[in-house]
Every structure is written in structure tokens, then in C-alpha cells.
Amino acid sequence: MKKIVAGLVFILVLAGVGMPFVSGMIMEKGFNRCMEQANSMYSETGTGTRIELVSYDRGFSSSEIVWKIHLAEMKTIYKVDEIIFIDRAKHGHTGVVSQTSLEKNGWYQNIVKEKLGGVDPLNIRTDYSLMGDINSVININAFSVDIEGEVLNVKPAELTFAADHTFKQFISKGAWQGASVEGQVDLGEVSFASDMKMISAFIWDGDLSLGLKKLVANDKETPVKMENLNAKYALKFNEKNNTLSVDAAYGFDSITIKTEYVNNASAHLGVNGLDVVAYEEAMALYMKMAATLFDELGSMEENPEQAKAVIEAKMTEISFQMMAIYEKFLKGGLEIYVKDLKAELPQGKIHGNFMLRLEKDLTMAQMFPMMNQPQMIFDYISFASDFSLPSVLVSGNQQLTNPIYPGMKTGLFVEEGENMIHKSETKDKAFFINGEKLVLN
């Protein structure tokens with residue numbers, strides 16, 4: 001019995017001694033898988049960006065990894081060709097802890113030396129668990145920097161990014177305490193959080209939120225103050241129908257410009273039933289065109305007129321190419337909406353809703369007869385809207401209060417007490433404005 005116990009103890013000791021080596025192997029596998037996943041996504045987006053592993057020196061209890069991101073066409077935006085990272089990892093018994101440095105980047109070291117007094121405010125720590133999950137924490141310490149004679153004071157920030165071992169589920173959160181230029185601008189706390197599942201490079205399922213506590217700009221002519229700006233996004237992928245729904249909720253407590261203000265404003269903007277195949281095709285084309293545009297603009301920084309001409313030409317080009325994709329979006333069930341729009345102004349309150357829905361597939365060929373018979377459009381779409389706003393906001397605007405089309409019996413808005421009211425809807429393949437049928441043909 002004693003020999004069995006001693007044998008078990010010996011095995012456990014060996015396992016314990018060897019765990020750092022095992023942790024290092026697991027980290028290397030996870031690191032390589034992460035790079036492959038990232039490069040696959042970059043390849044799909046067509047930006048030309050890619051990650052390169054320069055070296056991976058794995059020891060028994062520690063590792064040193066050098067890798068870089070080639071920015072390709074994106075260098076026009078970031079003004080650098082590549083970003084070099086050095087990870088120094090310590091292998092533990094339950095996982096690996098790695099510290100990431102940007103010390104090999106001359107451009108970054110110049111910023112630290114010349115702008116930040118030689119003190120690097122950036123700290124990046126990544127934990128690799130034995131299960132393959134990865135968790136990175138980025139801390140930015142407070143610093144000040146002189147920009148054209150003005151001192152920008154940047155407050156601390158902490159950002160957390162986590163991925164599961166499948167590299168499909170990503171959770172992130174962050175809080176930045178803000179920044180200020182004394183007497184001019186005061187930016188309050190900025191926060192974000194997300195829990196997203198990657199379906200493809202362009203299709204994600206999950207929730208994302210952003211928040212800004214306050215923004216004060218003390219401009220002498222037009223001072224601005226904003227409080228509690230927030231945005232929430234919900235992306236839902238319907239695998240059965242291969243469609244995507246996006247709901248964006250925006251709101252703020254107040255915005256004041258000089259003496260004018262808007263309080264307690266919010267709205268939901270969204271799309272339901274968005275065809276995934278068409279969306280991915282459109283996004284791939286857009287990203288490819290954007291990457292090409294950035295590449296061309298890189299040589300035109302000193303010639304803004306030429307850059308403007310190139311941008312206009314590219315926009316025209318992509319518009320023609322997108323025409324072939326637009327029709328693929330026109331599938332039954334596609335819905336665009338604005339819900340629960342509301343705001344408080346000095347003149348009174350505003351609220352409203354809007355919904356446009358495609359009831360069945362529609363092709364470009366089917367649209368041509370509608371040029372002569374516009375009433376046919378209601379064979380394909382349903383529509384509903386309702387708005388209320390203070391009368392003083394539209395007082396004297398005859399385009400809103402009088403009929404503007406021969407088939408209309410009322411204006412877009414009708415007076416009701418101290419407010420102007422609008423209501424429209426489709427019913428029995430006909431369109432009604434403020435209860436009166438609109439004859440289009």
C-alpha cells in the first residue's frame with residue numbers, strides 16, 4: 001500500500017513539475033490558432049492586412065514571441081507600414097501570463113521619448129488558460145501631451161478582450177476616464193461592452209454598447225454641452241432563414257448649444273430580414289474598393305484636388321457595381337424601421353415611429369411598370385408612420401401642412417391642439433395619409 005501511495009505521489013510531483021512545459025505548449029497552440037483565425041478574417045475582408053509570426057522561442061518555463069501586423073493599404077490611415085509586438089510569457093501550473101511590448105517600433109519609441117517624457121503609458125497582459133481561452137487586459141496610464149501649444153490631459157483607461165478556445169465567442173469591455181484641454185474641452189468617461197459570436201468576417205451575433213458621460217466644449221461663439229450619450233446594438237443571425245437583424249438604440253439626457261437644448265432624446269433604428277448573402281457580397285465589394293482607394297490616396301497627400309477627384313470617381317464606380325447587388329436585398333420580409341423616437345425641446349415634445357416592409361420579393365424588372373402605375377408598389381410593400389411635434393416647429397411651412405400631390409386630401413401634418421400630427425399606413429393595397437386615401441395613379 002505504501003508503495004502505491006509513494007508511486008502516486010511521485011507521479012503527481014512529476015506532473016506538477018512538468019505543468020509549466022505543458023502550459024507553454026498549450027499557449028503556442030492557442031497563439032498559432034489565433035493568428036490563423038485573424039489572417040483568415042483579414043483575407044475575407046480584402047483589406048490586405050495580415051499577421052506574420054517572426055519568431056517563437058519556447059522554453060521550459062518561459063517563451064518569447066515576436067510577431068507583426070502588416071497594415072498594407074491601411075497604412076494610409078495609420079501612417080505606419082507595420083506594428084511589431086514582443087510577447088514575453090511565463091509558464092505557470094494553471095496557465096500562461098504574457099506581457100506585450102511595442103519596444104521594437106521606432107515610431108512608437110519616438111512618441112514615448114519626444115511626446116511623453118520617456119514614460120510608456122501602455123501595459124498589455126494576456127492570460128492563456130489550460131482550456132485554451134484567452135484574456136487580454138490593456139491598461140493605459142494617465143499622461144499629458146503638448147499639441148500645438150495646447151496641453152491634452154489623457155486620463156487612465158482599461159480595456160479587456162476575451163476569446164474562448166474556439167475563437168468564435170468574443171467578450172470585451174472597457175472604460176476610459178476621459179481627456180481634457182483646460183478651459184476648452186472636457187471629455188467625460190467613455191465605456192463600452194460587447195458579447196459577440198462570429199458567424200463570418202462580416203456577420204456577427206450578439207450585443208454591443210457604448211456610453212459617454214459628458215462632453216463640454218467651451219467655444220466662445222457656440223458652447224456645447226452633452227450628457228449621458230449612449231448607444232446599444234443588437235445583432236441577431238437567423239440561421240434558418242439566413243438573414244440578419246440589427247437594432248440600434250441611441251439616446252442622450254441632454255445636448256445644449258448656446259441656449260438651445262434637446263433633452264431626453266432616444267430612438268431605435270433597425271433592419272430585419274437582411275439577406276446575409278447579399279450583405280456579405282456588398283461588404284466584400286465595399287472593403288475591396290476602400291482598400292484600393294486608401295492605397296491610391298497614399299500618394300496624393302500633397303494634392304487634395306486630385307484626391308477629391310479620385311474619391312468621386314471611386315464612389316461612382318462602386319455605385320454602378322453595387323446596383324447589381326441591390327436587387328439581392330429585395331427579399332420578402334425585409335423591414336426598415338424607426339421606433340420610439342422621442343425628444344424634449346423648448347417648444348414641446350416630439351415622438352414618432354416609422355416602418356417600411358417588403359412583403360414579397362421584388363426585382364428591378366418589376367419596378368419599371370411602377371413608373372407609369374405607382375399604385376402597384378403597394379402590391380409589394382407595407383408602410384406605417386406616425387409623428388407628433390409642436391405646431392410652432394412647422395408653423396408657416398405649407399409643404400408640410402398643405403397637399404403637395406394631386407391625389408392628397410390633407411397635408412403631411414394636420415393640427416391637433418398644440419401639436420401637428422402625421423399618420424400614414426397601407427391597408428388593402430392602398431395608402432392612407434391622416435385617414436384619407438392617397439390616389440397615386
Could you tell me if the ring centre of [X] sits under 6.0 Å from that of [Y]?
X: Phe202; Y: Tyr279; value: no
X: Tyr337; Y: Phe354; value: no
X: Trp204; Y: Phe170; value: yes

### Task
Report the relative orientation of the aromatic rings in Tyr250 and Tyr233; use parallel for angles under 30°, tilted for 30 to 60°, perpendicular for over 60°.
perpendicular

### Task
Look at the rings of Phe383 and Phe431 and say which category their plane angle falls in: under 30° parallel, 30 to 60° tilted, over 60° perpendicular.
perpendicular

With a sphere of 6.0 Å drawn around [atom1] of [X], does it hold more than 12 non-hydrogen atoms of other residues, nucleotides or ligands?
X: Lys29; atom1: NZ; result: no
X: Gln109; atom1: CD; result: yes
X: Lys214; atom1: NZ; result: no
X: Asp428; atom1: CG; result: no

Rounded distance (nearest 0.5 Å) linking atom [atom1] of [X] with atom [atom2] of [Y]:
X: Leu152; Y: Lys115; atom1: CG; atom2: NZ; value: 11.5 Å
X: Ser144; Y: Glu182; atom1: OG; atom2: CD; value: 10.5 Å
X: Asn402; Y: Thr410; atom1: CG; atom2: OG1; value: 10.0 Å
X: Leu212; Y: Trp176; atom1: CG; atom2: CH2; value: 9.5 Å
X: Ile83; Y: Phe85; atom1: CD1; atom2: CZ; value: 5.0 Å
X: Ile84; Y: Glu103; atom1: CD1; atom2: CD; value: 10.5 Å

Using only atom types and a distance under 3.5 Å, with no angle test, would you say the side chain of [X] pairs donor to acceptor with the backbone of [Y]?
X: Asp133; Y: His165; value: yes
X: Asn264; Y: Glu344; value: no
X: Asn434; Y: Gly411; value: yes
X: Asp205; Y: Phe237; value: yes
X: Asn241; Y: Thr243; value: no
X: Asn419; Y: Ser388; value: no
X: Ser129; Y: Met131; value: yes
X: Asn105; Y: Tyr108; value: no
X: Asn39; Y: Glu36; value: no
X: Asp219; Y: Glu221; value: yes

Distance only, no hydrogens: is a donor on one side chain within 3.5 Å (strictly under) of an acceptor on the other, for [X] and [Y]?
X: Thr363; Y: Gln366; result: yes
X: Glu280; Y: Ser200; result: yes
X: His70; Y: Thr49; result: no
X: Asp253; Y: Asn228; result: yes
X: Glu359; Y: Ser382; result: yes
X: Asn135; Y: Tyr128; result: no
X: Ser98; Y: Thr126; result: no

### Query
Does Lys429 make a cation-pi contact with Phe378 (under 6.0 Å, within 45 degrees of the axis)?
no

### Query
Which of these passes side chain to side chain contact (heavy atoms under 4.5 Å, CB included) with Val216: Met226, Lys225, Gln184?
Lys225

### Message
My understanding is that only residues two or more places apart in sequence, or in another chain, count here; which of them pass side-chain hydrogen bond (donor to acceptor under 3.5 Å, both in side chains) with His268?
### Response
Asp247

### Query
Could you go step by step and tell me if Ile138 and Asn123 meet the side-chain contact (heavy atoms from CB on, under 4.5 Å) rule?
CA-CA 6 Å; Ile138 301 174; Asn123 181 277; over 6 Å; no

Shortest non-hydrogen contact between [X] and [Y], atoms and distance:
X: Met370; Y: Met376; answer: CG-CB, 4.1 Å
X: Asp120; Y: Val112; answer: N-CG1, 3.8 Å
X: Met420; Y: Thr401; answer: CE-CG2, 3.5 Å
X: Ala343; Y: Val262; answer: CB-CG1, 3.9 Å
X: Val96; Y: Ser23; answer: CG2-O, 3.4 Å
X: Pro390; Y: Lys349; answer: CD-O, 3.3 Å

### Query
With respect to Glu82, which candidate in Arg50, Lys68, Lys104 satisfies the salt bridge (Lys or Arg N to Asp or Glu O under 4.0 Å) definition?
Lys68

#### Entry: Intermediate values then yes/no, salt bridge (charged side-chain N to carboxylate O under 4.0 Å, His left out), Arg357 and Glu335
CA-CA 4 Å; Arg357 178 181 172 85; Glu335 180 181 280; 3.6 Å; yes

All N/O donor-acceptor pairs, side-chain side in residues 192-199, below 3.5 Å, sequence neighbours left out:
| residue | atom | partner | partner atom | Å |
| --- | --- | --- | --- | --- |
| Ser194 | OG | Ser172 | OG | 2.5 |
| Asp195 | OD1 | Gln169 | NE2 | 2.8 |

Check this for me, if you would: do [X] and [Y] make a salt bridge, where the nitrogen-to-carboxylate-oxygen distance has to be below 4.0 angstrom?
X: Lys232; Y: Asp207; value: no
X: Arg125; Y: Asp127; value: yes
X: Asp275; Y: Lys331; value: yes
X: Lys213; Y: Glu227; value: no

### Query
Going through the distances and angles, do Asn230 and Leu210 end up as a side-chain contact (heavy atoms from CB on, under 4.5 Å)?
CA-CA 6 Å; Asn230 60 78; Leu210 302 168; over 6 Å; no

### Query
Run the side chain to side chain donor-acceptor pair (under 3.5 Å) check on Thr100 and Asp87 step by step: do they pass?
CA-CA 4 Å; Thr100 303; Asp87 276 84; 2.7 Å; yes

